[in-house]
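Labels below follow one simple rule: chain letters A, B, ... track the order of the sequence lines, proteins then strands, and each chain is numbered from 1. Everything numeric in this text was worked out from a predicted model, so none of it was measured.
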Amino acid sequence: MKRFGTFSSVVAGLTTLGLSSAAFAAGAIDGAVQKQATNWTAIVMFVAFVLATLGITYWAASKTKSAKDFYAAGGGITGFQNGLAIAGDYMSAASFLGIAGLVFTAGFDGLIYSIGFLVGWPVILFLVAERLRNLGKYTFADVASYRLQQGPIRSLAASGTLVVVLLYLIAQMVGAGKLIQLLFGLDYGIAVGLVGVLMVGYVMFGGMLATTWVQIIKAVLLLSGATFMALMVMTHYGFSMEAMFKHATEVHSKGIKLMQPGGLVSDPVDAISLGLALMFGTAGLPHILMRFFTVSDAKEARKSVFYATGFIGYFYILTFIIGFGAIVLVLNHPEFMAADGKGIMGGSNMAAIHLAKAVGGDLFLGFISAVAFATILAVVSGLTLSGASAVSHDLYASVWRKGRASDADEIRVSKITTMVLGVLAIILGIAFEKQNIAFMVGLAFSIAASANFPVLFMSMFWKGLTTKGAFYGGFAGLISASVLVILGPTIWKDVMGHADALFPYKNPAIFSMTIAFAITYIVSKIDGSQTAKDEMEAFEAQYIRSQTGLGAEGASEH
Amino acid sequence: MTNQIHERIKANPKFQELCAKRSSFAWTLSAVMLIAYYAFVAVIAFFPASLGTPVSEGAITSVGIYVGLALIILSFVLTGIYVQKANGEFDALNKEILDEVK
């Protein structure tokens, strides 16, 4: 039993950290990690990936002339390509390593998480995707501010975007640093710097076109690698899930409990709140929403979500098999166990990486390590582009220059912002190295669900929405989600070390979303100004465009 | 000019038909997804043991595994159903509406 002490403590840790933190485990690797011997196979494969993507960036740079090219790849991405790119954005290193690790420690609970991440997609398709495509140009703020005042609404949307992007970026940078230290044997600082420099390169020179292709390549590599691993595991058991589960329950300390819901989802309020954050947070993530403007029309936007849902669902089935594969092929195999006998080397989030070696030797380990690194690069590039467009398109061009900025000016500001975000990401990545950052992606989802989503949703569905209502409601969601997370068990108790949390739940979405919607509604209702009346009048034109696509942005010529 | 086009679209019964059909279809599918997912969450929160039951006498695999996989497949199938109908029937209707105001 002693050997498994660490597993139960991991599970206990995950439970206290909050569901969100466990799943996103953006930090994939928590706590101090041991630098490993330099892994040359992995480095060679990674260099090959970087060279290929730099080649693409060079090609993309030659095609990126206008603002539309820069932000939306000219609107010429097909539904299938965009579906892969969306899946690429969504299948971060955290969800690959984190969910496989969660299945490895807790079995069925890992599946509960994957499902939470997936079910938002159909709802995005049914309610948001085509209206978003028909109304927007480059950012979701285009849609939210369509018939409202540009200044306040774009400032709100840009705040929501930047907060979400920065939280996500920090989590990815710290995760990247630790992962690379483990996989490649590079220094943490060098690893973080490398990620920062490469992402700035892709985004600055290649814009959305390069970012999209980096995502697509990475998604294909990750899906192929994961498929190979799952197949190798299944061949061990003659493709019988039952046989695999039987073996796993025999060797794992949890035994048959692997097949049952465990302690991860125990409190009903927290469980529902997490479900809300996952489902509607996805529909409020700025870097995901931005992807809908890269396709030519609503038809392609719908196809994107169909393909993305398929790829993401398939990927989660693979990670589930990979997690179980690690239980049978990694756990208790001396070469993968930590020196002190406490669990596997590098912690449970390394389960998928060790499994790569177990099924495919050093060569495949190198491949998967390179893919994990590529995954982080692709995700941070998408985030950076989204943050940069919030500053250049929403704040600079629309609020500051009141729509009178030229394309060239806008792109220039975007590139400067990309540089600034890159530097900021490196500094924050280094500053947060030793911090517990597991809550950050969970917080990002809660904020996306509580600030971005309500404003976007109400602007498309409710005629009575006014600028004041959206502005106060959006900020109420942003602030309440942040404050409740800080006062909740995740930060107040676990990070700050207080005995008891002031707010009992780990996931605030059920409260902060209610606050956002209620304030948006009440303030809009009591807003009797002439502007408010005009804004309600303007709903009809917006509605016709959102339904028919009349006047919507098309694809550019080239 | 734009206003005139808007008025004509608004007055077109096909436009009313498109909006009504598409929106009821979208909300129905959303409801199916939301109910299926939150029922799953509720069972986990209130009756966790039921999902842990083996699928058959002496089996290891639990009911929960199949329910989970079914939810993943349901998400994909529902998006497929919507795209099929929206990109076919609804888009054809939409095209008729737009052609009439050209």
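Heavy atoms of other residues, nucleotides or ligands lying less than 6.0 angstrom from CD of B:Glu96 number more than 12. For B:Lys95, the NZ atom sits in a loose shell: 12 or fewer heavy atoms of surrounding residues, nucleotides or ligands are nearer than 6.0 Å. Other residues, nucleotides and ligands place no more than 12 heavy atoms under 6.0 Å from the CZ atom of B:Phe47.
Ranked by non-hydrogen atom pairs under 4.5 Å with chain B, the options A:Met244, A:Met279, A:Met241 are led by A:Met279. Of the listed residues A:Lys303, A:Arg302, A:Glu540, the one with more heavy-atom pairs under 4.5 angstrom with chain B than any other is A:Arg302. Contact count against chain B (heavy-atom pairs under 4.5 Å) is highest for A:Phe108 among A:Phe108, A:Tyr307, A:Tyr543.
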Quiz item: Please walk me through it: do B:Ile65 and A:Phe320 pass side-chain contact (heavy atoms from CB on, under 4.5 Å)?
Solution: CA-CA 10 Å; B:Ile65 306 276; A:Phe320 189 65; 3.6 Å; yes

Exercise. Evaluate the criterion side-chain contact (heavy atoms from CB on, under 4.5 Å) for residue pair B:Tyr37 and A:Leu118; output intermediate values, then yes/no.
Key: CA-CA 10 Å; B:Tyr37 175 60; A:Leu118 186 68; over 6 Å; no

Practice problem: Test side-chain contact (heavy atoms from CB on, under 4.5 Å) on A:Ile272 and B:Tyr38 and set out the steps. | Solution: CA-CA 7 Å; A:Ile272 291 168; B:Tyr38 283 102; 4.1 Å; yes

Exercise. Show your reasoning for whether side-chain contact (heavy atoms from CB on, under 4.5 Å) applies to B:Ile72 and A:Leu111.
Key: CA-CA 10 Å; B:Ile72 293 180; A:Leu111 188 62; 4.2 Å; yes

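Counting all heavy atoms, side chain and backbone alike, A:Pro261 lies closest to B:Gly52 at CD-N, 4.2 Å. Contact between B:Phe15 and A:Thr548 at its shortest, heavy atoms only, is CE1-CG2, 3.7 Å. Listed here is the closest heavy atom pair of B:Ala26 and A:Phe126: CB-O, 3.3 Å.
Contacts of B:Leu98 with chain A are made by side-chain atoms alone, with heavy-atom separations under 4.5 Å and no backbone atom involved. For B:Glu7, the part sitting under 4.5 Å from any heavy atom of chain A is the side chain, from C-beta outward, and nothing else. The part of B:Ile9 that comes within reach of chain A is its side chain, from C-beta onward, which places non-hydrogen atoms under 4.5 angstrom from that chain. If you measure heavy-atom distances from B:Phe90 to chain A, you find no contacts under 4.5 Å at all. For A:Phe461, the part lying under 4.5 angstrom from a heavy atom of chain B is the side chain only. In this structure, chain A has a heavy atom under 4.5 Å from the side chain of B:Phe40, while its backbone stays farther away. When heavy atoms are compared at a cutoff of 4.5 Å, A:Leu125 approaches chain B by way of both its backbone and its side chain. At a 4.5 Å heavy-atom cutoff, the contact between B:Asn87 and chain A is made by backbone and side-chain atoms alike. Looking at A:Leu276, the atoms closer than 4.5 Å to chain B (heavy atoms on both sides) sit in the backbone and in the side chain alike.
Rounding to the nearest 0.5 Å gives a distance of 10.0 Å between OG of A:Ser114 and CG of B:Leu69. Within the model, atoms CD of A:Gln547 and CG of B:Leu18 stand 6.0 Å from one another, a figure rounded to the nearest 0.5 Å. Rounding to the nearest 0.5 Å places CD of A:Gln260 at 12.5 Å from CD1 of B:Ile44. To the nearest 0.5 Å, the span separating CD1 on B:Ile60 from OG1 on A:Thr249 amounts to 4.0 Å.
Counting heavy atoms from C-beta outward, B:Trp27 and A:Leu127 have side chains that approach closer than 4.5 Å. Side-chain atoms of A:Pro268 and B:Phe46, non-hydrogen and from C-beta on, do get closer than 4.5 Å to each other. B:His6 is listed as a side-chain neighbour of A:Leu550, based on a closest heavy-atom distance under 4.5 Å.
B:Phe76 and A:Phe306 have parallel rings, their planes meeting at less than 30° on a 0 to 90° scale where 60° marks the start of perpendicular.
Between the B:Ser62 side chain and the A:Met259 main chain, a donor and an acceptor come within less than 3.5 Å of each other. Without hydrogens or angle criteria, A:Glu242 side chain to B:Thr61 main chain gives a donor-acceptor distance under 3.5 Å.
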